[in-house]
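I have placed the structure first, in the form of structure tokens, so that the comments after it can refer back to it.
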Amino acid sequence: MSLSKTPTQDKDLEIKVTVSRYRNIDPGHIDPKHAQTDNELLAEIGYKAELRRQFSTLQVFGVAFSIMGLLPSISSVLAQALTGGTVGMIWGWFIASFFVLLIGISMSELGSAMPTSGGLYYWSWFYAPEKWKVPISYIVGNTNSVALVGALCSVNYGFANEVLAAVYISKDGDFTLTTGKTYGVFAACVVSHIFITCAASHVCSRLQTVSIICNLGLILLFFIAVPIGTKINMGGFNDGKFIFGNYQNFSGGWDNGWNFVLNGWMPSIWTIGAFDSCVHMSEEARNATKSVPIGIIGSISACFSLGFFICIVVGACIRTDIDAVIGTAFGQPMAQIVYDSLGKNWAIAFMSLIAACQWLMGASILTAISRQIWAFSRDNGLPFSKYIKVVNKKLSTPLRAVWFGGILSLIMGLLCLIGTTAADALFSLYIAGNYFAWCVPIFLRNTYGRDKFIPGDFYLGKFWSPIVNWISIFFMTFVIIMVMFPSGTTVDKETMNYTVVITPGVMLLAWIYYFAYGKKEFNGPARNVDDMTEYVDGEELDDDQEIIVINSATGEQVNPADLQLNSLGSTEKTV
């Protein structure tokens with residue numbers, strides 16, 4: 001790159017060219033309205049840009065929407081949803097989804113104000129009292145990382161069950177479902193996710209567009225094919241009273257009210273989750289202060305509405321003997337519903353398509369996991385952080401974080417070998433851990449950090465914001481307690497909810513590790529913004545780098561209108 005002066009320039013003007021991803025920032029003062037670029041705001045937060053911003057607003061939305069994977073997710077938890085009959089399934093979904101949307105709105109305000117991949121633990125550190133900043137940030141970062149791995153395990157466990165259900169149907173029941181086979185399919189799925197997530201950032205971003213199309217196409221097919229099949233093969237639909245007003249209790253001892261809450265709310269809470277993935281992708285998002293809240297609120301709203309209609313279709317098309325559907329030999333109530341409506345071949349095809357979309361869910365969530373793990377390692381929050389935080393510059397992908405998250409999920413997934421009850425703990429671990437990690441920064445922002453909050457492009461205002469935030473805080477606290485309850489009143493090794501052991505156990509181990517070793521390495525977010533570096537003639541620049549011209553004599557920035565920069569080669573950069 002060469003530098004030439006215009007004829008009006010002073011011949012004695014000495015200039016130097018520097019390269020930076022930020023300019024005119026005030027370290028420690030984070031103002032999303034002041035920052036002129038995404039990377040300038042990231043520098044105010046304290047980090048240099050190491051990942052390319054390849055994700056559009058649609059693709060940020062796609063990460064969360066793909067992870068939610070609406071129809072595959074509902075299929076995975078349909079047995080629990082039907083514990084309260086069609087009423088528990090439909091109205092439980094509606095009520096819980098409304099509160100989940102409020103959580104998303106609260107998180108969107110934080111994500112718009114400070115979009116960074118380690119958002120949850122960073123926000124906790126930023127808003128916490130000085131004495132507790134570091135330990136609170138550490139526990140949130142650790143819990144969020146483990147919870148996201150639990151989410152990957154639960155998604156891929158559902159995938160394994162769907163694949164095996166399709167095999168069971170194709171062999172007309174001449175196939176034995178075992179925990180070993182389930183883990184084998186689970187492990188193969190995780191390994192495939194590792195390899196696809198190690199691809200370049202632009203490949204992962206395009207995968208989200210594919211996932212949106214596949215998930216919406218599958219839902220549309222379900223809305224058309226299953227009702228037609230039910231009309232033709234089952235003689236018609238269930239009436240409105242059965243769909244919307246016929247409450248049944250298959251919980252095994254809980255009274256109607258608690259069963260409605262415990263089992264009716266959980267499917268929505270589990271399905272419409274991991275929308276914090278938009279936050280974890282924020283350092284790869286273009287126009288992050290807007291795309292992150294749009295991704296969060298848009299994905300929740302889409303799943304809220306579409307999921308409600310899916311539940312209605314299920315209620316209309318399911319056979320009236322719901323207990324038999326819950327206990328189907330296929331291992332998947334959705335497989336039984338499709339089989340009853342459309343027959344064997346369609347059931348195999350549907351379960352295969354559902355499994356394919358569920359596979360895309362896993363790929364998306366491992367992408368989000370790797371970014372959270374990478375961000376936490378960047379701040380030395382995990383063992384072996386100096387190895388994990390390395391970014392492959394050619395692919396702009398944290399490859400080692402991908403492998404770390406994948407291997408950790410293979411280890412946690414060994415619970416599948418114990419049985420269904422232990423595997424179900426992965427579902428609850430994902431909920432309890434994430435809700436804790438979501439609740440803490442929202443609570444701190446509305447208490448100790450109330451005066452430090454500077455809103456971004458998305459903000460409800462001084463009146464509605466605290467109302468929505470406090471409702472979210474109370475709901476999340478309630479859910480954390482709720483997911484610790486067993487499915488029935490009789491508790492033994494087969495019905496025990498191991499979440500009450502695993503989730504506090506993870507937090508306890510995190511505390512022990514922190515005080516024994518972690519506090520020596522983790523001191524909160526580690527600012528890594530480098531100074532501006534002098535440009536060397538002929539050096540190639542990244543797409544997201546900026547050119548700044550400085551007067552060597554005064555140290556002041558030169559008006560770009562007075563200078564012209566021309567590149568030698570294919571790349572052109574103009575001040």
Could you report the tightest heavy-atom contact between [X] and [Y], atom names first, then the distance?
X	Y	value
Leu82	Phe250	O-CD1, 3.5 Å
Ser370	Ala401	O-CB, 3.3 Å
Ala113	Ile30	O-CG2, 4.0 Å
Ala368	Ser277	CB-CB, 3.5 Å
Leu148	Ile369	O-CD1, 3.2 Å

Is [X] close enough and on-axis enough to [Y], meaning under 6.0 Å and within 45°, for cation-pi?
X	Y	value
Arg378	Tyr47	yes
Arg445	Tyr127	no
Lys133	Trp125	yes

Full working for ring pair (Phe, Tyr, Trp, His ring centres under 6.0 Å) between Phe186 and Tyr183: CA-CA 5 Å; Phe186 166 90; Tyr183 183 76; 5.6 Å; yes
Treating [X] as the side-chain partner and [Y] as the backbone partner, does any N or O pair qualify as donor plus acceptor under 3.5 Å?
X	Y	result
Ser124	Ser137	no
Ser73	Leu70	no
Lys452	Phe126	yes
Thr37	Glu40	yes
Arg53	Ser282	yes
Trp123	Pro441	no
Ser251	Trp254	yes
His193	Trp359	yes
Gln358	Val155	yes
Ser291	Arg286	yes

Can you confirm whether Phe98 is buried at CZ, in the sense that more than 12 heavy atoms of other residues, nucleotides or ligands lie under 6.0 Å from that atom? no
If you count heavy atoms of other groups shown closer than 6.0 angstrom to NZ of Lys290, is the number above 12? no
Is the distance from the ring center of [X] to that of [Y] below 6.0 Å?
X	Y	result
Phe453	Tyr459	yes
Trp258	Phe485	yes
Phe304	Phe94	yes
Tyr138	Phe522	yes

Are [X] and [Y] close enough that some pair of their side-chain heavy atoms sits under 4.5 Å apart?
X	Y	value
Ile373	Pro398	no
Cys278	Ile294	no
Tyr121	Asn144	no
Val479	Ile269	yes
Pro115	Thr289	yes
Asp457	Pro293	no
Lys48	Asn39	no
Tyr157	Ser76	no

In Å and rounded to the nearest 0.5 Å, what is the CG to CG distance from Leu399 to Asn392?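 CG of Asn392 is found 4.5 Å from CG of Leu399.
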Gap between atom CE of Met476 and atom SG of Cys439 - 0.5 Å precision: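 Cys439 SG to Met476 CE: 4.5 Å, rounded to 0.5 Å.
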Should the ring pair [X] and [Y] be called parallel, tilted or perpendicular, given that the plane angle runs from 0 to 90° and is split at 30 and 60?
X	Y	answer
Trp511	Tyr514	perpendicular
Tyr448	Phe443	perpendicular
Trp403	Phe195	perpendicular

Phe275 and Trp438: ring pair (Phe, Tyr, Trp, His ring centres under 6.0 Å), yes or no, with the steps? CA-CA 10 Å; Phe275 43 83; Trp438 300 345; 4.4 Å; yes
Kindly determine whether Ile136 and Leu444 satisfy side-chain contact (heavy atoms from CB on, under 4.5 Å), including the steps that lead there. CA-CA 10 Å; Ile136 289 176; Leu444 291 172; 4.1 Å; yes
Are Asn469 and Glu109 linked by a side-chain donor-acceptor pair shorter than 3.5 Å?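 Note: Asn469 and Glu109 side chains meet the donor-acceptor criterion.
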Can you tell me which residue among His280, Glu284, Glu283 is in a side chain to side chain donor-acceptor pair (under 3.5 Å) with Arg371?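 It is Glu284, the one option of His280, Glu284, Glu283 that forms the side chain to side chain donor-acceptor pair (under 3.5 Å) with Arg371.
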